[in-house]
Number of protein chains: 2
Amino acid sequence: MPISFMTTSTPIARGELAKRAGCHLETVRYYEKIGLLPPPARTAGGHRIYKIGDQRRLRFILRGRELGFGIEELRSLLTLADSKTQTCGEIYDLTAAHLGAVRRKITDLKRLERTLTQISNECSGGAVPECPVIDALWAD
Amino acid sequence: MPISFMTTSTPIARGELAKRAGCHLETVRYYEKIGLLPPPARTAGGHRIYKIGDQRRLRFILRGRELGFGIEELRSLLTLADSKTQTCGEIYDLTAAHLGAVRRKITDLKRLERTLTQISNECSGGAVPECPVIDALWAD
DNA sequence: CCTTGAACCTGTAGTTACTACAGACCCTAT
DNA sequence: ATAGGGTCTGTAGTAACTACAGGTTCAAGG
């Protein structure tokens, strides 16, 4: 099969797209349903036909989800990206807000880690009626 | 305003408990329904009566949820805390497992923070056509 | 006291972001 | 040409809440 066809127009099915992008088969259909992915072409029999390039947009969504962006955040991010207008300021604000939330979570988790480590170390592991873990969990 | 008889254990209503702990009114009922919060006392008319001490347990659950613990994880954490019969060894194992989960979450979030910080810094916030946030998400 | 209106009661349905069917149909390789 | 896998649709389930409807109770103001 010639390379020129591969790179520009090799059609792939839904399962193949999902596999390449690294998500569940049904997630593709779901994203189409909620309008994050455009409805693709169909075969005569009704099967979806994707282009290789379609996985780019899907990966964008999946990566955004992994980074903790919500669906609506991604929708606006995609709208901004699709618009190709000068919107870096808006995107910066969205990202900055998200970054703030992430940092708060890290702070909380570190505090919890400290607590758990501490009480874990104090616990001998023997059959002790009064375990320091129990008290420590409620200390904060 | 709620009951104001100054004793050592001021009773509070569901709404007040939710407000103090910082969650939705219905979340309290939900946690009771799934057994994370014990059924409280009731007035003659059927209204729930909480003690101020009850917000401690609720806050523990809420913080755990914010930190990404699932309900079942929290259930075992609470069982652990409630336990008066388990040996210290069993408690140690549970604590260690949770500590592992916490550390994994911290690692993941730090990586996410790094990514977001990086792409955020590259973004001037001005009127730039090519936004690094979008590029980072689009990247293959 | 009695009225009023906010808060509470129950059960059920909706939400988010998927994931898992069921039953029918399509597509391709042998 | 047929076997079998993949895909189609719609619907239902999941987690962890959140919102609502329709009714009851509580506590404060008159």
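In what follows, every chain begins at residue 1, and chains take the letters A, B, ... in the order their sequences are listed. Computed over heavy atoms, backbone and side chain alike; hydrogens, waters and symmetry mates excluded.
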Below 4.5 Å, heavy atoms only, C-beta onward: do V28(A) and Y50(A) meet side chain to side chain? yes
Do you know which two heavy atoms are closest between [X] and [Y], and how far apart they sit?
X: L74(A); Y: I61(A); result: CD1-O, 3.5 Å
X: R57(B); Y: L36(B); result: NE-O, 2.9 Å
X: R20(A); Y: I52(A); result: NH1-CD1, 3.4 Å

Please state how far atom [atom1] in [X] lies from atom [atom2] in [N], giving the value in whole angstrom units.
X: I12(B); N: dA27(D); atom1: CD1; atom2: C1'; value: 17 Å
X: I34(B); N: dT18(D); atom1: CD1; atom2: C1'; value: 14 Å
X: E16(A); N: dT28(C); atom1: CD; atom2: C1'; value: 15 Å

Any link between I49(A) and L58(A) through a network of hydrophobic side chains (Ile, Leu, Val, Met, Phe, Trp, Tyr) touching at under 4.5 Å? no
Using a 4.0 Å heavy-atom cut-off, write out nucleotides 9-22 of chain C from 5' to 3' as B (base contacted by protein), S (sugar-phosphate only) or - (no contact). SBB-----BBSB--
